[in-house]
Undergrad: 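Okay, here's the structure, questions in a sec.
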There are 2 protein chains.
Amino acid sequence: MNRDAPPPTRPTIADVARAAGVHASTVSRAMDPAARHRISDAVALRVTEAAAALGYRPSALAAGLRSGRSRTVGVLVPDLTNPVFPPIVEAIEQSLAARGYVTLLANTAGDVERERLIVERMAAQGADGLILASAARGGPAVALAARLGLPLVLVNRRLPPGEDGSAISFGSDDAAGLRAAVAHLVALGHRRIAHLGGPAGTATAADRLQGFREGLAAAGLVLDAAPLAQASAYSRAAGRVAMQALLATGGFTAITTANDLLAMGAYDALEEAGIAVPGGMSVTGFNDMPLMDRVAPPLTTVRIQHATMGRLAAEALLGRLCGTEEPAESVRLVPQLVVRASTAAYASP
Amino acid sequence: MNRDAPPPTRPTIADVARAAGVHASTVSRAMDPAARHRISDAVALRVTEAAAALGYRPSALAAGLRSGRSRTVGVLVPDLTNPVFPPIVEAIEQSLAARGYVTLLANTAGDVERERLIVERMAAQGADGLILASAARGGPAVALAARLGLPLVLVNRRLPPGEDGSAISFGSDDAAGLRAAVAHLVALGHRRIAHLGGPAGTATAADRLQGFREGLAAAGLVLDAAPLAQASAYSRAAGRVAMQALLATGGFTAITTANDLLAMGAYDALEEAGIAVPGGMSVTGFNDMPLMDRVAPPLTTVRIQHATMGRLAAEALLGRLCGTEEPAESVRLVPQLVVRASTAAYASP
DNA sequence: TTGTACGCGTTATCAT
DNA sequence: ATGATAACGCGTACAA
């Protein structure tokens, strides 16, 4: 009741056309940077001013319906509260927004059914493409997107060898990261090294375990002797449980984990067991999440380039959508070992 | 080249109508749960089967264009890498998805111009409503959304007294949280307490400072003597800088901070200054982010209900969009002090 | 209970 | 360089 009733209806292209004394098509051309060359500067100016005066904003819905491109990209994440993903999503959103695209976000919660539903909903929304940060291998998203004709890009997740080869991926060389972690522990004198792996069905877990094995082999250590555990999820709670199981058998002086959250869970279990880090056990993580330098003890971990991954994925997808650029290739960024205080030289008992 | 060319064009409502031998409007009715009562069960079944056989998914674009509701909600966040926001956003997305809504995510990066652009873009996208987690007060979003007729809900941010009173907000009782922190420090024997505040122009910073003052007053302490600093952002780096400034003058044995990230920055500065926590300085945070129990020393902080806030905000907005439910009221959840090891009894020098 | 007709706001195409 | 026209896919009065 401030003034009279404000018009709740947004001005349309027809209103602008009327105000500028031109046809709607001309307005459309004047608003499209790619087509503004096709009309006279005088008319373009008149239209632009009329549009500004009316506060005209083209309806993306209508434009999308007509053009078939909604300038919208869906981003699928398994769990936004896992600190790995926010920097990735933020970089994606930024890159997308810079080119006028809107980001559709959805949590799959690692649920296959939800994943299917989300992909379908995004397709129904007219999303032009998908970025999949969902780690779950074997999820229906890749195949479904292909079937729906939705361009798809993977981030923080390797291209599954068996599945559709047209999916580009942007991730880290996970195996290299774990080889570096193992080499570091070996250099410190550790010989009996365990691995706390990620959940089954994730490419990252497989690759990191593979890197662990390669690292042991490179050091001439016995693979069969290495204690292994597999966490049920990339979470602190799951890491604690897996570490407890590992400790029950024992026989190792250092452990590599597939993920910083798992490492935090390992800290929990070690604390409960009265084992000091790194005095009684050296621990390494993966990802270098924020605050890993402030936990007790500061975690030796493998730093990956979250933001770069996100940016590259977004740009690759945009390139594919515009079709102007040559198709991008998958990239595996090189991670970097960050040595802190959770690892120490092996002290013989 | 697996088989022959798969039809890249999705089936439309007309295809389903043809396949089921009915008119398109009948299909529309059959797909709409609210209108299915108006057609015979036999026809509804035939239509449903035809739709399933063709893999028909209604175009949300076309439906939105026609109906004016896109089943889309925009979520604005200042900085997704601030650990406060992921749980909020996740809860929002979940609540929205449960009711068939899609989440549009955007980072404002605390930039007023970006904020304006994003709101306009979401309006252009046909978003049915907005959820603003952006902390910046005085940003154009609230007014702009009102002008565009976009329902808006605030989360983790109090209703600004001066601005449009129609905006509902879901946050914490920030002042109460800080009062509790101060009371805790006073009970430990501290008398000279400082406050490391949040950035200017955020409601949370103002409310928490206010709570700090109320806490001092309640304890009968002198307000004027309390050292105050204002961080330039809710970030660890900004917290470190502000703490350095505070330490330069000194004269306090405990400090409350407006945010856990700021507390982490304070840790950094204290470490550099060679001051032990809590031996030489007691520190409290705000938010109880993940891992605050694992940093060194574990942080005494104020826990807020991120997920509940997000869920309530989403449900309030949905209620307003559907119009069926009575308009929700703003809620201020009660935070809870979590005492850990960053605070200790005052030890006279 | 079902069909008809129309319009949502835009852009592509053709014509001028 | 600009105007006219049709169509994108759907929902909804209204008629039957």
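The basis for the numbers below is simple: all heavy atoms, side chains too, and nothing from hydrogens, waters or symmetry mates. Chain letters run A, B, ... following the sequence lines, proteins first and then strands; every chain starts at 1.
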Undergrad: Given atom CG of B:Leu61 and atom P of C:dT11, what is their separation to the nearest angstrom?
TA: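 Rounded to whole Å, this separation is 12 Å.
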Undergrad: Taking atom CZ of A:Arg46 as the centre, report whether more than 12 heavy atoms of other residues, nucleotides or ligands fall under 6.0 Å from it.
TA: yes
Undergrad: Is a donor-acceptor pair below 3.5 Å formed from side chain A:Arg38 to base D:dA1, judging by atom type as modelled?
TA: no
Undergrad: For A:Glu115 and A:Thr108, indicate whether the former's side chain and the latter's backbone hold a donor-acceptor pair under 3.5 Å.
TA: no
Undergrad: Rounded to whole angstroms, how far apart are CG on B:Leu45 and P on C:dT1?
TA: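 Distance, rounded to whole Å: 16 Å.
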Undergrad: Let me know the distance between CD of A:Gln125 and C1' of D:dC10, rounded to the nearest Å.
TA: 14 Å
Undergrad: Measure from CZ on B:Arg69 to P on D:dG9 and round the result to the nearest Å.
TA: 21 Å
Undergrad: Please report the closest heavy-atom contact between B:Ala91 and B:Arg311, naming both atoms and the distance.
TA: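 Between these two residues, the closest heavy atoms are CB-N, 3.9 Å.
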Undergrad: Strictly distance-based, threshold 3.5 Å: is any side-chain N or O of A:Asp128 a donor or acceptor partner for the main-chain N or O of A:Arg71?
TA: yes
Undergrad: Once you round it to whole Å, what is the distance between P of C:dC8 and CD1 of A:Ile13?
TA: 14 Å
Undergrad: NA contact type, A:Leu65, heavy-atom cut-off 4.0 Å: base, sugar-phosphate, or nothing?
TA: base
Undergrad: Report yes if a side-chain nitrogen or oxygen of A:Thr26 is closer than 4.0 Å to either non-bridging phosphate oxygen (OP1 or OP2) of D:dG3; otherwise report no.
TA: yes
Undergrad: Closest-nucleotide mapping onto DNA chain C: is B:Ala62 or B:Ala44 further toward the 5' terminus? I mean the 5' end.
TA: B:Ala44
Undergrad: Looking at the base of C:dG3, is there any donor atom on it, or on the side chain of B:Arg29, that sits under 3.5 Å from an acceptor on the other one?
TA: yes
Undergrad: Pick the closest DNA chain C nucleotide for B:Ser67 and for B:Ser40 by heavy atoms, then say which residue is nearer the 5' end.
TA: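 The residue mapped nearer the 5' terminus is B:Ser40.
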Undergrad: Taking the minimum atom-to-atom distance to the side chain of B:Val22, which one of D:dG9, C:dT11, C:dG3 wins?
TA: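 My answer, after comparing the listed nucleotides, is C:dG3.
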Undergrad: Assess whether one donor atom and one acceptor atom, taken from the side chain of A:Ser25 and the base of D:dA4, lie less than 3.5 Å apart.
TA: yes
Undergrad: Does a side-chain N or O from A:Ser28 land closer than 4.0 Å to OP1 or OP2 of C:dT11, or not?
TA: yes
Undergrad: Between atom CZ in B:Arg71 and atom P in D:dG9, what is the gap in whole Å?
TA: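 To the nearest whole Å, that distance equals 21 Å.
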Undergrad: Nearest to the side chain of B:Arg66, which nucleotide is it out of C:dC8, C:dT4, C:dT13?
TA: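 Selected nucleotide: C:dC8.
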Undergrad: Mind calculating the distance between NE2 (B:His23) and C1' (D:dT12) to the nearest angstrom?
TA: 12 Å
Undergrad: Nearest to the side chain of A:Val43, heavy atoms from C-beta on, is which of D:dG9, D:dT2, C:dT11?
TA: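 Of D:dG9, D:dT2, C:dT11, D:dT2 is nearest to the side chain of A:Val43.
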Undergrad: Using atom OH of A:Tyr56 as one end and atom C1' of C:dT11 as the other, report the distance to the nearest whole Å.
TA: 10 Å
Undergrad: Only pairs under 3.5 Å count here: list side-chain donor-acceptor contacts from residues 52-65 of chain A, not counting sequence neighbours, and write none if there are none.
TA:
residue : atom : partner : partner atom : Å
A:Ser59 : OG   : A:Leu61 : N            : 3.3
A:Ser59 : OG   : A:Ala62 : N            : 3.1

